[in-house]
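Below, chains carry the letters A, B, ... as their sequence lines are ordered, and counting in each starts from 1.
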There are 2 protein chains.
Amino acid sequence: MPVLKKTKQELVSEFRCREILEAACKVFARKGFSGATVDEIAEAAGLAKGTVYLYFRSKREIYLAALKRGFTGLIDETRRNMEAAPTTAAKLKAFITTRLRYAEENRDFVAIYHAEFSNVGMAYLGKEFRHLYLQQARALEAVLREGCEQGCIRRSLPAGALGLVVYEMTRGLIMQRLLGWSRATSDEDTEFLFDLLWKGVSADGG
Amino acid sequence: MPVLKKTKQELVSEFRCREILEAACKVFARKGFSGATVDEIAEAAGLAKGTVYLYFRSKREIYLAALKRGFTGLIDETRRNMEAAPTTAAKLKAFITTRLRYAEENRDFVAIYHAEFSNVGMAYLGKEFRHLYLQQARALEAVLREGCEQGCIRRSLPAGALGLVVYEMTRGLIMQRLLGWSRATSDEDTEFLFDLLWKGVSADGG
DNA sequence: GCATGCAATGACCAGCCAGTCAGTCTACCA
DNA sequence: TGGTAGACTGACTGGCTGGTCATTGCATGC
């Protein structure tokens, strides 16, 4: 019985945490870390400030949790889709597609991520996030290396740097879409980027 | 005589402004906009806080001025070097080279720029900076269009989106260098990026 | 050496907000 | 119905910091 009760408590607790994080995501996306107040987050979650502090120790902890939540979601989805793709080209395309779609579906997270997750932000956020960032670039790197071995990607390219550059290219496109600068559909953007990239990296020039 | 005196005053005023902006750049680069205090900036400039407010109306104004200073410097240098380059390929290379070198020489500015000049930052900073950002991408766009007309760049690429993507690619490399993740020299990075890009965009595949 | 004005100062103020905690409410059980 | 646990509340506080302004001190001209 106490076990069952504890489980129920845990469920409620998890629910509250998710509620708070979703509210926080919205608020942080609009106002940034410093601009957002815990009162606003609490209100957006339909709770009092004190309640928020029952589930998180500090504003910073909320922020990091919200960021991590969106980030691991993105990473998991990207990995899944890349693994399911059969060829190097398809994996590369899966990487781009997944990221563009995820950005479309999680605008608040992407806004936070792009706003603060840059060089200074990285240093500020600590090693855990650097690790998450590099994890994605390395997944790409592995795929590109594999392509080299199979002979479909030219060997002269440094796979490590390439992984990061491809990563940043998608970042650039995502940012444009977020700002409403891109008039193309998500699919058109994906096609364009993949085409450009594949011509650049493939051994036979396209 | 009053004219001469005014000129002298203006010189002092300009000198102070520059002093403050240089100090501000250092502080903002380390702490971000919200983390930095005006007292810190004043101290870094060897002045009292009140003095800073003789030259700038607010913290925000200091920030924007520091950002604008670095930004227009970068834009001017990039344009100069691109104009001096004879061919489309050389112009593209000049764009990459200039940006990587400028980033190397103005680390504080680049840190601020990358930390805050992203989507939320853009909205926050206002139209003027959006204009400056787009100005650079458009300069690239023009060069790429010219390349299309001359037949050295394939026509199927949307020059607008391409300009922004190239812009973001250099951004990615700069960020890596800033974080110390790139073990390559600046020249090697330039070469790599140009090679990749040129293969991707050129009409004859390299 | 005196008068003038202007750059510079830094103590001060007012508002904001993260984080606290004494008290309330509610669900549940005996 | 009365009692308890613990979830929830929101008024409050302490510290911080952007911005002000009365005062100081210095350079310049007479």
Side-chain angles (χ1 to χ4, degrees), chain A residues 1-28 30-67 112 116 124-125, chain B residues 1-28 30-67 112 116 124-125:
Chain A
M1 201 47 128
V3 175
L4 187 68
K5 194 180 174 193
K6 198 183 172 200
T7 303
K8 190 183 166 187
Q9 277 182 337
E10 277 178 356
L11 281 175
V12 170
S13 171
E14 269 172 38
F15 177 76
R16 278 272 179 278
C17 280
R18 199 165 51 241
E19 247 181 357
I20 292 168
L21 288 183
E22 273 161 19
C25 222
K26 280 199 196 87
V27 178
F28 283 134
R30 252 186 305 123
K31 308 226 178 173
F33 178 74
S34 306
T37 70
V38 178
D39 268 314
E40 281 175 313
I41 294 168
E43 201 195 318
L47 297 168
K49 182 156 69 167
T51 311
V52 170
Y53 280 95
L54 292 177
Y55 297 94
F56 295 92
R57 271 198 298 272
S58 67
K59 179 183 174 184
R60 184 181 165 75
E61 195 179 292
I62 302 171
Y63 184 72
L64 294 179
L67 199 45
I112 302 176
E116 317 255 358
Y124 172 79
L125 290 169
Chain B
M1 200 46 127
V3 176
L4 187 68
K5 193 180 174 192
K6 198 181 173 199
T7 303
K8 190 184 168 187
Q9 277 182 336
E10 276 177 356
L11 281 176
V12 170
S13 171
E14 269 171 39
F15 177 76
R16 279 272 178 277
C17 280
R18 198 164 51 242
E19 244 182 358
I20 292 168
L21 287 184
E22 273 161 19
C25 223
K26 281 199 195 84
V27 177
F28 283 134
R30 253 187 304 121
K31 308 224 176 176
F33 177 74
S34 306
T37 69
V38 178
D39 268 312
E40 280 175 312
I41 294 168
E43 201 194 319
L47 297 167
K49 182 157 69 168
T51 312
V52 170
Y53 279 95
L54 291 178
Y55 296 95
F56 295 93
R57 271 198 298 271
S58 66
K59 180 183 173 183
R60 184 182 165 76
E61 194 179 294
I62 301 171
Y63 183 72
L64 293 178
L67 199 47
I112 302 176
E116 317 256 356
Y124 173 78
L125 290 169

At how many degrees, to 10°, do the end axes of the helix from C/dG1-D/dC30 to C/dA30-D/dT1 meet when each uses five pairs?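 Answer rounded to 10°: the end axes differ by 10°.
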Looking at every strand, decide which applies to [X] at a 4.0 Å heavy-atom threshold: base, sugar-phosphate, or nothing.
X       : answer
A/Phe56 : nothing
A/Ala42 : nothing
B/Arg16 : sugar-phosphate

I need the [atom1]-[atom2] distance between [X] and [N], as an integer number of Å.
X       : N      : atom1 : atom2 : value
A/Glu61 : C/dA18 : CD    : P     : 15 Å
B/Glu43 : C/dT9  : CD    : P     : 12 Å
A/Tyr55 : D/dC8  : OH    : C1'   : 8 Å
A/Asp39 : D/dA11 : CG    : P     : 10 Å
B/Lys31 : D/dG18 : NZ    : P     : 11 Å
B/Lys59 : D/dC16 : NZ    : P     : 15 Å
B/Glu40 : D/dG18 : CD    : C1'   : 13 Å
A/Tyr63 : C/dA18 : OH    : P     : 14 Å

Please report the interatomic distance CZ(A/Phe33) to NZ(A/Lys59), rounded to the nearest 0.5 Å.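 So the CZ of A/Phe33 and the NZ of A/Lys59 are separated by 4.5 Å.
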To the nearest 0.5 Å, what is the distance between CD1 on B/Ile41 and NZ on B/Lys31?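 One gets 10.5 Å once the value is rounded to the nearest 0.5 Å.
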With a cut-off of less than 4.0 Å, is there a side-chain N or O of A/Arg60 near OP1 or OP2 of C/dA18?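 No, no such contact exists.
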Shortest non-hydrogen separation from B/Ser58 to B/Tyr53 and the atoms involved: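 Closest pair (atom of B/Ser58, atom of B/Tyr53, distance): CA-CE2, 4.0 Å.
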May I ask you to list the residues of residues 46-54 of chain A, by number, that have any heavy atom positioned under 4.0 Å from an atom of DNA chain D?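 Contacting residues: A/Leu47, A/Ala48, A/Gly50, A/Thr51, A/Leu54.
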Apply salt bridge (charged side-chain N to carboxylate O under 4.0 Å, His left out) to B/Lys49 and list each qualifying residue two or more places apart in sequence or on a separate chain.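 Residues passing salt bridge (charged side-chain N to carboxylate O under 4.0 Å, His left out) with B/Lys49: B/Asp39.
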What pairs with A/Glu61 under salt bridge (charged side-chain N to carboxylate O under 4.0 Å, His left out), at least two apart in sequence or on another chain?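 If we apply the salt bridge (charged side-chain N to carboxylate O under 4.0 Å, His left out) test to A/Glu61, skipping adjacent residues, the hits are A/Arg57.
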With heavy-atom distances below 4.5 Å as the criterion, would you say the side chains of B/Phe28 and B/Ile62 are in contact?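 Yes, at least one pair of side-chain atoms sits under 4.5 Å.
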Just to verify, what does A/Glu22 make a side chain to side chain donor-acceptor pair (under 3.5 Å) with, not counting sequence neighbours?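 A/Glu22 satisfies side chain to side chain donor-acceptor pair (under 3.5 Å) with A/Arg69 only.
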Check residues 14-21 of chain B and write down every donor-acceptor pair under 3.5 Å in which the side-chain atom is one partner and the other belongs to a residue at least two apart or another chain.
residue : atom : partner : partner atom : Å
B/Arg16 : NH1  : B/Glu19 : OE1          : 3.0

Taking atom CD as the centre, does A/Glu40 end up with more than 12 heavy-atom neighbours from other residues, nucleotides or ligands that are less than 6.0 angstrom away?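 Yes, CD of A/Glu40 has more than 12 neighbouring heavy atoms, counting only those of other groups under 6.0 Å.
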